Structure formats: structure tokens, C-alpha cells
Participant: 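The structure that follows is given in the form of C-alpha cells.
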Amino acid sequence: MPLIGYARVSTEDQTPLPQSEALQSAGCAEIFEEHASGGNRARPVLARVLERIGKGDTLVVVRIDRLARSLSHLLEVIERLEGKGAFFRSLQDPIDTASPQGKFTLQVLGAAAEFERALIRERTKAGLASARAKGRVGGNPGLRAKDPAALRKVRQARQDGYMERLNETAQDWVPNVRRLRPDMAWEDVLRIINGPLPPDRHWTQSRLLRAVKAYVADGFLPAEVLGRAGRRETDDRLPAIVAAIKGADPEITLQAICDRLESMRERTPRGRTSWQPSSVRMLLERAERLGLL
């Protein structure tokens, strides 16, 4: 069972060496290091690690806070690993999703998170009921009066909330959009993005386009990604898709590419749905001749 280590420190002044040494001692064959804030979910190295991990692999960290600063983010990452048939282990915390004890700990954490959300909902309902009993009307007075300044403030708050939610998922789609657009059609980009994601996190094309336009407007993506995709010969489509998967993870194996193509329900050049490494190798060679790699 391959162990893949992830070490993170917040600033360039700090060193991830102690974490890397602990991960190496734990038997990690590969260790990825990153300098980034724990509160930032859009970490490029972590995104690459999660993209690379395959079935049977285990992501290992020294402590939970090296991976996530919030319970929701931790559960989100573990859910993504489980969707790929992979596991998670923290060396200094009692979490190892490959063991019954670790799974139980994870269930307790999930139940605690749900209990906390339920308490917040109940407190909110009780507070609103108390306010109504005292004759107070809820809501923003400026909105009730349709004050332009209040309306602008609410619109900005909604936009800020939307961008914050996008930032939490940026690692799933931004790298692929940046690499593949406008050379590849949105339909194929969407399938490549959804390939490694669990079904409940799949993007629709309209939702993805809205997110991309928001990132372009804020300068996080170049405007060129919204350009019209050029016409591609039918014979070039499969090499382009395989090249895109390989480009996202240069170390990915031929069999892993086969699994990804089957999850995308992409037919082989001969019209079958069962992919073989030899077919992928042939497409990679063609992609290289076409200058796609």
C-alpha cells in the first residue's frame, strides 16, 4: 500500500524538514512539501497530490492541521480520497481510515460536525422567535426601505460569499481550465474535471462557465480561456483528452489513465468501453506527434 506524504508550513521562513523526516520514517515513498496558509483551500501542491493519489494509496500527514484547519475541509478531503479508493492517516492523531478504529474516529468527527450545525440552526430559530415575540421585525432596515447603498452592500456580500465558495473548490477545476482552454471544447474540459470527483461534486457546464467568468472578472484567470474553441479533427479528440490527463499529472500510470477514461465513459478507438494500457500508450504517442505533450 503506497504511502504518500504531505508536509505544509505557513511561511517561507519556516521549514517543512521536520515533517518530511517524520513522514520518511513512517515509510512514505513520496513526500510533497508546500508553503501555504492552512486556511487557503486552493493549494496547488495539495491539489496535485489529490489528483495523483490512486486506489489503495494512503495520504499521510504529521498532524491534521497540516492538511486542514477546519473540520469541514478535513472531511471534504477524506471524502474525495474515499471516492478514489484511497485512505488517510495522521501520525499524531488517532485517524487512519484504513483501520476500523480510524473509521470510527472519522464517524465521530462527522457526527460532531452535524451536531454543531444542528445547534446553530436551533439557536437561530430560537433567537428569531424571541425577537418576533418582542415585536421586533427581522431583516435589514435599509433593504426594507430599498436603500441603494444597502442593496449594493448585500450584492457585494453575496458575491464575496460566492467567491469564497469557489475558492474552496478551485483546486478541482482552475488548473484544468487554465491548461485546456480555449484549445479544448467545454464539454471535454468538463468531463476531465469531473473524472476524479465523486458524483455529488460533479460540475455542470453552466455552473463551470459561471465560475470561470467570475474568476476572469477578478483577474484570477486570463480572458483567453473564454475564447471560442477551435475546430479539432475527430481523430485528434482522444489524443487531446489523454494528453490533458497526462499533463495534469506527469507521473500518472497508463492503467490510471485507463481507469480515468472508463470513469468518463469514453469509448476506445475501436468503440469498446474497456481501455487497455496499450491503447493509451498509442494515443500518447500520437499526442506527442501532434505537439499536444
Side-chain angles (χ1 to χ4, degrees), residues 1-99 102-103 105-106 108-110 112-113 163-179 193 196-198 201 215 220-221 247-252 256:
M1 184 182 297
L3 304 180
I4 299 176
Y6 174 74
R8 182 192 62 79
V9 291
S10 298
T11 67
E12 294 292 339
D13 297 335
Q14 298 173 314
T15 174
L17 182 59
Q19 295 179 53
S20 297
E21 290 176 345
L23 293 169
Q24 188 174 10
S25 299
C28 292
E30 294 182 87
I31 298 173
F32 295 82
E33 299 178 350
E34 184 160 40
H35 290 79
S37 168
N40 179 15
R41 299 193 182 189
R43 297 177 231 153
V45 175
L46 178 59
R48 190 162 65 248
V49 172
L50 294 177
E51 177 71 19
R52 171 174 170 67
I53 282 181
K55 185 176 182 180
D57 293 346
T58 299
L59 176 63
V60 185
V61 297
V62 174
R63 297 190 310 275
I64 288 177
D65 65 351
R66 297 301 89 196
L67 177 67
R69 286 288 182 85
S70 68
L71 181 56
S72 63
H73 188 206
L74 173 65
L75 295 175
E76 177 186 318
V77 172
I78 293 177
E79 180 182 359
R80 182 170 179 181
L81 292 172
E82 289 182 339
K84 302 180 74 171
F87 306 100
F88 171 73
R89 180 188 304 172
S90 174
L91 299 181
Q92 297 183 13
D93 303 289
I95 294 184
D96 181 353
T97 60
S99 70
K103 289 183 178 178
T105 303
L106 187 61
V108 171
L109 288 174
M163 293 302 293
E164 184 176 346
R165 293 192 298 274
L166 283 185
N167 292 340
E168 294 175 357
T169 63
Q171 61 189 13
D172 295 338
W173 56 276
V174 170
N176 285 307
V177 170
R178 193 184 298 276
R179 284 188 311 104
I193 289 173
L197 299 178
R201 289 178 55 197
Y215 261 43
F220 296 141
L221 283 171
D249 181 6
E251 303 299 323
I252 193 171

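Everything numeric here is computed off the predicted structure, so don't read it as measured data. Positions are given from 1, in the same order as the sequence printed here. Values reported hereafter were calculated over all heavy atoms of this structure, with side chains retained and with hydrogens, waters and symmetry mates removed.
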Participant: Looking at Val77, Val60, Ile95, which one forms a side-chain contact (heavy atoms from CB on, under 4.5 Å) with Phe88?
Facilitator: Ile95

Participant: Contact between Phe220 and Val174 at the side-chain level, heavy atoms closer than 4.5 Å - yes or no?
Facilitator: no

Participant: Check Arg8 against Asp65 and note the closest heavy-atom contact, atom names and distance.
Facilitator: NH2-O, 2.8 Å

Participant: Rounded to the nearest 0.5 Å, what's the gap from CZ on Arg63 to CG on Asp93? Could you check?
Facilitator: 8.5 Å

Participant: Do Glu34 and Pro16 make a side-chain contact, defined as non-hydrogen atoms from C-beta onward lying under 4.5 Å apart?
Facilitator: no

Participant: Between Ile193 and Asp172, which heavy-atom pair has the shortest distance, and what is it?
Facilitator: CG2-O, 3.6 Å

Participant: Okay, side chain of Gln14, backbone of Thr11: is any donor-acceptor separation there less than 3.5 Å?
Facilitator: yes

Participant: Thr58 side chain to Phe87 main-chain N or O, any donor-acceptor pair under 3.5 Å?
Facilitator: no

Participant: Provide the closest heavy-atom pair for Ala68 versus His73 in the form atom of the first, atom of the second, distance.
Facilitator: CB-ND1, 3.6 Å

Participant: Determine whether Ile78 and Leu59 make a side-chain contact, defined as any pair of heavy atoms from C-beta on separated by less than 4.5 Å.
Facilitator: no

Participant: What are the two closest non-hydrogen atoms of Lys84 and Glu51, and how far apart are they?
Facilitator: NZ-O, 3.0 Å

Participant: I want to check something: taking the side chain as every heavy atom from C-beta on, are Arg48 and Asp249 in contact at a cut-off of under 4.5 Å?
Facilitator: no

Participant: With a 4.5 Å limit on heavy-atom distance, are the side chains of Val9 and Thr15 in contact?
Facilitator: no

Participant: Write down the atom of Val61, the atom of Tyr6, and the distance for their closest heavy-atom approach.
Facilitator: CG1-O, 3.6 Å

Participant: Name each donor-acceptor pair under 3.5 Å that joins a side chain in residues 26-33 to protein atoms two or more places apart or in another chain, with its distance.
Facilitator:
from	atom 1	to	atom 2	distance (Å)
Glu30	OE1	Arg52	NE	3.3
Glu30	OE1	Arg52	NH2	3.1
Glu30	OE2	Arg52	NE	3.3
Glu30	OE2	Arg52	NH2	2.6
Glu33	OE2	Ser20	OG	2.5

Participant: Rounded to the nearest 0.5 Å, what separates atom CG in Leu23 from atom CG in Leu91?
Facilitator: 6.0 Å

Participant: Identify the two heavy atoms, one from Ile53 and one from Ala86, that lie closest to each other, and give their separation to 0.1 Å.
Facilitator: CG2-CB, 3.4 Å

Participant: Under 4.5 Å between any side-chain heavy atoms of Ser90 and Arg66, yes or no?
Facilitator: no

Participant: side-chain contact (heavy atoms from CB on, under 4.5 Å) with Asp96: which residues, sequence neighbours excluded?
Facilitator: Arg89, Ala98, Ser99

Participant: If I take atom CG from residue Leu81 and atom CD from residue Glu76, how far apart are they, to the nearest 0.5 angstrom?
Facilitator: 11.0 Å

Participant: Strictly distance-based, threshold 3.5 Å: is any side-chain N or O of Arg43 a donor or acceptor partner for the main-chain N or O of Gln171?
Facilitator: no

Participant: For a 4.5 angstrom cut-off between non-hydrogen side-chain atoms, does Val177 reach Tyr215?
Facilitator: no

